[in-house]
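Heavy atoms only: backbone and side chains are in, while hydrogens, waters and symmetry mates are out.
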There are 2 protein chains.
Amino acid sequence: MRILTTTNSLTTDDLGSAAQRDRRRRILDATIALASAGGFDAVQMRAVAEQADVALGTLYRYFPSKIHLLVSALARTFEDTQTIVGRRPVPGDTPSERVIYVLRRATRGMQGDANLTEALTRAFMFADASVATEIHVVGMQLTTMLTRSIKGEAYVEGEQPSDEDVAIARVISDVWLSALVSWVTGRASAEEVADHIETAVRLVLR
Amino acid sequence: MRILTTTNSLTTDDLGSAAQRDRRRRILDATIALASAGGFDAVQMRAVAEQADVALGTLYRYFPSKIHLLVSALARTFEDTQTIVGRRPVPGDTPSERVIYVLRRATRGMQGDANLTEALTRAFMFADASVATEIHVVGMQLTTMLTRSIKGEAYVEGEQPSDEDVAIARVISDVWLSALVSWVTGRASAEEVADHIETAVRLVLR
DNA sequence: TTCGGAACTGCAACGTGTTTCTATTATGAC
DNA sequence: GTCATAATAGAAACACGTTGCAGTTCCGAA
């Protein structure tokens, strides 16, 4: 029950004081740096705390578990990339061309930092019920990205996509995540992942 | 480098002596019992060892990690169910009817034991590269089950399914696993899972 | 400026997956 | 039956996620 104990939440939505926002940012920065350097196992809570220059207890006050931490890092990563590339409409003449274009870019981006991808993906897949909120954020980001690609030029900001488009987007994001997992675990090469995704998109969008 | 040190591997494929096969069975039994009782967290290596009546070191000799153990348990579970139901051809007049039938059954089966499903599913999704072999076994089981359903009566035992059928089967199993994960983590109800899978199957098989 | 509570630090401790080591037991070759 | 070797038991120890706590600092309200 939080009833306006602070006054200056003037930037983003209800994240406390500037110092708190800064700590949160430092923690996520440290998380991503460690993940990028050594993957899931290298993201050790003591190391994150030290690198973010906070005490271990404070880290746990901001993120109640390692999984929460990594899924939040995934959400921020998606958010950042979407802020950058989300302005222009997606190129391509058909829905499947556009979706393939977007996923190809996203996949390349993820594969460009294998350790980070491994850490974030495995955390996402391992998350249990207590992480539902953070997971939902990521799911929405994916769905938005994909429905936006399906619609192409016809996409308008506030409008709800159709149920069918959402269903298609969810199927595609399931396949994409599974493909990422199999790449991360060394069961599939980058080309196999690209082929599999492309096949799935062509199957679903026709 | 193992060059025939034993003589009596007369039952299954190269699993050592009868005592060893029995230990392996006891370990998997204990794993499934504990998972069924309390889910992933309840499968504690010391508890598995005790219930299977082996020492902790022996448990690790048979399964090099908790994840290996749980994924192997998943493989055995699939194997058992396929031994039971895999005799008759899958009912249904079209590929999508048959696939939906099979997945509905499988989903109900999994949802009938939520704790076990949670444990096995999360282990499967969390597995890293070192578990590639066991993961591959499970992937093959799923692919076989699905291509068999797609073909229906036309399925013959030894024959390789077509590339397209395999691709379709892989897409569907991706969606099915993702749906199971979201059910396990409380993000989707049983009906939502059923609907999502059905939608995906209809999209892909048409 | 002072005060009270929330947030933070530093550190110890606990639980569970994993590793390691020695003594003991089972197993197959001869 | 004997022996060499592999497998197992039993138990300690380590690593890391997580929790708990005493003391300190920050921050808004009065």
(request) Hey, can you tell me if B:Phe126 and A:Phe40 have their rings parallel, tilted or perpendicular (30° and 60° cut-offs)? (result) perpendicular
(request) Check the distance between C:dG10's P and A:Glu50's CD and give it to me in whole angstrom. (result) 11 Å
(request) Remember a base hit wins even if backbone is also touched, and classify A:Val43 as base, sugar-phosphate or nothing at under 4.0 Å, heavy atoms. (result) sugar-phosphate
(request) Flag the pair B:Asp29 and B:Arg26 as a salt bridge only when some basic side-chain nitrogen lies within less than 4.0 angstrom of an acidic carboxylate oxygen. (result) no
(message) Reading DNA chain D from 5' onward, which residue's closest nucleotide shows up sooner: A:Gln44 or A:Pro64?
(response) A:Gln44
(message) Does a side-chain N or O of B:Thr58 approach OP1 or OP2 of D:dA9 to a distance below 4.0 Å, or not?
(response) yes
(message) Between B:Ala19 and A:Arg61, which residue's closest nucleotide on DNA chain C lies nearer the 5′ terminus?
(response) A:Arg61
(request) Report the distance from atom NE2 of B:His68 to atom P of C:dT18, rounded to the nearest whole Å. (result) 10 Å
(request) Write down the distance between CG (B:Leu59) and P (D:dG10), rounded to a whole number of angstrom. (result) 14 Å
(message) At 4.0 Å (heavy atoms only), tell me whether A:Arg46 reaches a base, stays on the sugar-phosphate, or touches nothing.
(response) base
(message) Side chain of A:Met45 only, heavy atoms from C-beta on: which candidate in D:dG17, C:dG17, D:dA9 is closest?
(response) D:dG17
(request) Figure out the CG/C1' separation between A:Asp22 and C:dA7, and round it to whole Å. (result) 15 Å
(request) Between C:dT16, D:dA7, D:dA9, spot the one nearest the side chain of B:Val54, thanks. (result) D:dA9
(message) Measure CG/B:Leu56 against C1'/C:dT18 and give the value in whole Å, please.
(response) 8 Å
(request) Indicate whether the side chain of B:Asp113 and that of B:Ser36 have a donor and an acceptor atom separated by less than 3.5 Å. (result) yes
(message) In this structure, how many angstroms lie between the C1' atom of C:dG15 and the NZ atom of B:Lys66, rounded?
(response) 12 Å
(message) Less than 4.0 angstrom from a charged side-chain N to a carboxylate O is my criterion; do B:Arg170 and B:Asp174 meet it?
(response) no
(request) Give the rounded distance in Å between these two atoms: CZ of A:Arg26 and C1' of C:dC8. (result) 11 Å
(request) Quick one: do B:Arg202 and B:Glu198 satisfy salt bridge (Lys or Arg N to Asp or Glu O under 4.0 Å)? Show the steps, please. (result) CA-CA 6 Å; B:Arg202 288 195 207 290; B:Glu198 200 159 319; 2.7 Å; yes
(message) Let me spell it out: for each of B:Ile67 and A:Tyr62, pick the nucleotide of DNA chain C with the closest heavy atom. Which residue's pick is nearer the 5' end?
(response) A:Tyr62
(request) Specify the separation, in whole Å, of atom CG of A:Leu34 and atom P of D:dC16. (result) 13 Å
